[in-house]
Amino acid sequence: NTSPNMVSLFVSGVLLLSVALVTGEVLNNGGFESLSGWDCWNPVHCALTTDAHSGQHAVKVTGRDQAWQGPSQGVSLTPGSSYTVDAYVKLLSDHGKAQTLHAELNFHYTDNTDDYVTAAGGYNNVRVSDGWVHLHDQFTVPTGKAIQHARFYFSGPEPGLGFQVDAVSMVKEAASQTPADNLDHDIDRLRKSDINIAVTTASGINKDDVQIQVLQTKKSFPIGVAINAKKYNDNAGHGKYRDFIHKHFNWAVPGNALKWYAIEHNQGQRNFQPALDMISGLHQHGIKVRGHNLIWSVDKYVQDWVKQLSSTELRQAVDHHVSDTINMTRGLAE
C-alpha cells in the first residue's frame, strides 16, 4: 500500500519513482465551522450541527425534494488536471433501505451545454447504521470545451432524506514526474553489460564476413501483463495473442476472469473455468500468475443481484465468494 501522493514501482532492483505533488486545496471552508462558501438553494435547508466528524461543526442538510439536491460550491478547475476528493457524509434517515451517496460536479460550458462528472461515487449501499461514510475518489476535468463555470455538490439519498457533511477536501495533483535522466543512467549501469564473443572460422572464411545474431530467450527480471481470458483460451482464433504473451512476458494476472462479476454474474451460478484454463496454459509456458482483488466495490462492476442483498445476505455472499475463490485457486497463484 502506498500513499495516494506517492507511487513506487520496483522492477527487479530498479526503483522507479512517480511523485504526484499536492498543489493546494480548492474548496473554501471544507470543515464547515461556518456555512461560508457553501450554497443551499431553496428548498434545501443547511444548518450547523455539533454532531461533527472532526472539528467543532458539520453541516446538516434537510428539506430536500430531489435526489440531486445538497450543499454546493462553485469551484475553479483546470481542464485536463486531476483532483482528489475526500468527504465524510452521514445519513439522518434511510426509509428502511440502502441509499446512495455521491459527490458530483456540474460543468457548464460557454456553448450552453453541461456535463456531469462523479467526483466521488459508488457508495450505493449506505444505511443510517453506517454512521460517517468516507467518500474518496479522483476525477479529471474534461477537455475539449471552454468551461464557463463549475459547481461541486453532494447528492444521492432519496427525496426527503436528510444527511450531514463534514471534512470535505478537493486537492489538485500535479502531473506525475519521473526522473528520466537518472533512469537512463541506471538502465545503462544495471541492465546493460558487454558481451565478448570469440569467433573461430573455418579455413578460407573471412571472419569479417561472419554475422552474429543474439536472440534473447529468457528475461532475468519480472515483466507482466493483464490477460483477457476469453482471447487467451481461444487458441484457434487468437493464437497470435497467446504467442505474444508467451514470448514477451514471464508474469501475468487475469484481467477480469477472477473478479466476482465474471465468476458469478448470476447468483449461485459460479464459473471458474475460464480463469483456470488460462492459468493452466500460462503455467505450461513457465509464466507465473498473480491473483486479483477478491472484492471490488466499484458500482458499475457490482452485479445487480448483489446490490439487492440485505447486509446479512451480503456478508454471507462475500464470505462464500472469497472462500470459493481461494479454494479454487489455492496453489495456482504466486
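Among the candidates V59, V165, L101, the single residue satisfying the side chain to side chain contact (heavy atoms under 4.5 Å, CB included) test with F154 is V165.
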Apply side-chain contact (heavy atoms from CB on, under 4.5 Å) to the pair L77 and F139, showing each step before the final yes or no.
CA-CA 11 Å; L77 303 173; F139 69 90; 4.1 Å; yes
Decide yes or no on side-chain contact (heavy atoms from CB on, under 4.5 Å) for K259 and I263, but give the supporting numbers first.
CA-CA 6 Å; K259 291 176 182 173; I263 293 172; over 6 Å; no
Determine, step by step, whether S280 and Q284 satisfy the side chain to side chain donor-acceptor pair (under 3.5 Å) criterion, reporting the C-alpha distance in whole Å, the side-chain angles of both residues, the deciding distance to 0.1 Å, and the verdict.
CA-CA 6 Å; S280 175; Q284 290 174 27; 3.2 Å; yes
Show your reasoning for whether side chain to side chain donor-acceptor pair (under 3.5 Å) applies to Q267 and Q303.
CA-CA 9 Å; Q267 188 174 13; Q303 308 93 301; over 6 Å; no
Going through the distances and angles, do Y301 and W296 end up as a ring-ring contact (aromatic ring centres under 6.0 Å, His included)?
CA-CA 8 Å; Y301 296 117; W296 194 22; 4.6 Å; yes
Does the side-chain contact (heavy atoms from CB on, under 4.5 Å) test come out yes or no for Q56 and E33, once each step is laid out?
CA-CA 7 Å; Q56 299 299 312; E33 297 307 324; 3.2 Å; yes
Verdict with reasoning, V253 to I227, per side-chain contact (heavy atoms from CB on, under 4.5 Å):
CA-CA 6 Å; V253 61; I227 297 180; over 6 Å; no
Quick one, E25 with S169, criterion side chain to side chain donor-acceptor pair (under 3.5 Å). Give me CA distance, side-chain angles, the key distance, then yes/no.
CA-CA 7 Å; E25 176 61 56; S169 175; 2.6 Å; yes
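Listed for the Y123 side chain is no donor-acceptor partner under 3.5 Å among the backbone atoms of G156. No donor-acceptor pair closer than 3.5 Å links the side chain of Q308 to the backbone N or O of W305. With hydrogens and angles ignored, the 3.5 Å screen pairs a side-chain donor or acceptor of Q99 with a backbone N or O of E158. Between the D234 side chain and the K230 main chain, no donor and acceptor come within less than 3.5 Å of each other. Side chain of T113 to backbone of Y109: no donor-acceptor contact under 3.5 angstrom is found. Checking side-chain atoms of W260 against main-chain N and O of V318 turns up no donor-acceptor pair under 3.5 Å. Not one N or O on the side chain of S93 forms a donor-acceptor pair closer than 3.5 Å with the backbone of H95. Side chain of Y232 to main chain of L282: a donor-acceptor pair is present (N/O by atom type, distance under 3.5 Å, no hydrogens or angles). Proximity of a side-chain donor or acceptor of N233 to a complementary backbone N or O of A229 within less than 3.5 Å is detected. Checking side-chain atoms of N250 against main-chain N and O of I287 turns up no donor-acceptor pair under 3.5 Å.
The shortest heavy-atom contact between P79 and V141 is CA-CG1, 3.6 Å. The minimum heavy-atom distance between Q164 and K60, with the atom names listed, is CG-CA, 4.0 Å. In terms of heavy atoms, P71 sits closest to C46 at CB-SG, 4.2 Å. Residues P254 and H292 approach most closely at O-CD2, 2.8 Å, considering heavy atoms. Nearest heavy atom pair, residue W38 against residue V168, reads CH2-CG1, 4.3 Å. Looking at every heavy atom in both residues, P43 comes nearest to D65 through CG-OD2, 3.5 Å.
Under a hydrophobic-cluster definition in which Ile, Leu, Val, Met, Phe, Trp and Tyr are linked whenever side-chain heavy atoms come within less than 4.5 Å, directly or via other members, V302 and V126 are assigned to different clusters. Under a hydrophobic-cluster definition in which Ile, Leu, Val, Met, Phe, Trp and Tyr are linked whenever side-chain heavy atoms come within less than 4.5 Å, directly or via other members, M278 and F249 are assigned to the same cluster. Follow the hydrophobic side-chain contacts under 4.5 Å out from Y153 and you never reach V75; the two are in separate clusters. Using a 4.5 Å cut-off between side-chain heavy atoms of Ile, Leu, Val, Met, Phe, Trp and Tyr, with links allowed through other members, L135 and F32 fall into the same hydrophobic cluster. Taking hydrophobic clusters as Ile, Leu, Val, Met, Phe, Trp and Tyr residues chained together by side-chain heavy-atom distances below 4.5 Å, V128 shares a cluster with V133.
Proximity of the aromatic rings of H134 and Y88 is defined here by a centroid distance below 6.0 angstrom, and this criterion is met.
Remark: K90 engages D51 in a salt bridge, criterion side-chain N to carboxylate O under 4.0 Å. Between D39 and R151 there is a salt bridge, with a side-chain nitrogen of the basic residue lying less than 4.0 Å from a carboxylate oxygen of the acidic one. Under the 4.0 Å criterion applied to side-chain N and carboxylate O atoms, D115 and K145 are not assigned as salt-bridge partners.
Note that CG of N266 is 11.0 Å distant from CG of N271, once rounded to the nearest 0.5 Å. Rounding to the nearest 0.5 angstrom, the gap separating the OG atom in S36 from the CG atom in N28 is 5.0 Å. Here CD of Q273 is found 4.5 Å from CG of D277. Values are rounded to the nearest 0.5 Å. Taking CD1 of I245 as the reference point, atom NZ of K231 lies at 9.5 Å (rounded to 0.5 Å). To the nearest 0.5 angstrom, K172 atom NZ is 10.0 Å from S82 atom OG. Here CG of L332 is found 5.5 Å from CD1 of I279. Values are rounded to the nearest 0.5 Å.
For the pair I205 and V210, the minimum side-chain heavy-atom distance is below 4.5 Å. At least one side-chain heavy atom of V85 sits less than 4.5 Å from a side-chain heavy atom of F152. For the pair L105 and Y116, the minimum side-chain heavy-atom distance is 4.5 Å or more. Residues L294 and I326 form a side-chain contact, since some pair of their non-hydrogen atoms from C-beta on lies under 4.5 Å apart. The closest side-chain heavy-atom distance from R64 to F163 is below 4.5 Å. By the 4.5 Å heavy-atom criterion applied to side chains, D299 and K307 are counted as neighbours. S76 has its side chain out of reach of V26: every pair of non-hydrogen atoms, C-beta onward, lies at least 4.5 Å apart. For the pair L161 and L92, the minimum side-chain heavy-atom distance is 4.5 Å or more.
Residue H149 places its NE2 atom among more than 12 non-hydrogen atoms of other residues, nucleotides or ligands, all under 6.0 Å distant. For R290, the CZ atom counts as loosely surrounded, since its 6.0 Å shell holds 12 or fewer non-hydrogen atoms of other residues, nucleotides or ligands.
H248 and F244 have tilted rings, their planes meeting at an angle from 30° to 60° on a 0 to 90° scale.
For the residue pair S155/Q69, the side-chain donor-acceptor check at 3.5 Å is not satisfied.
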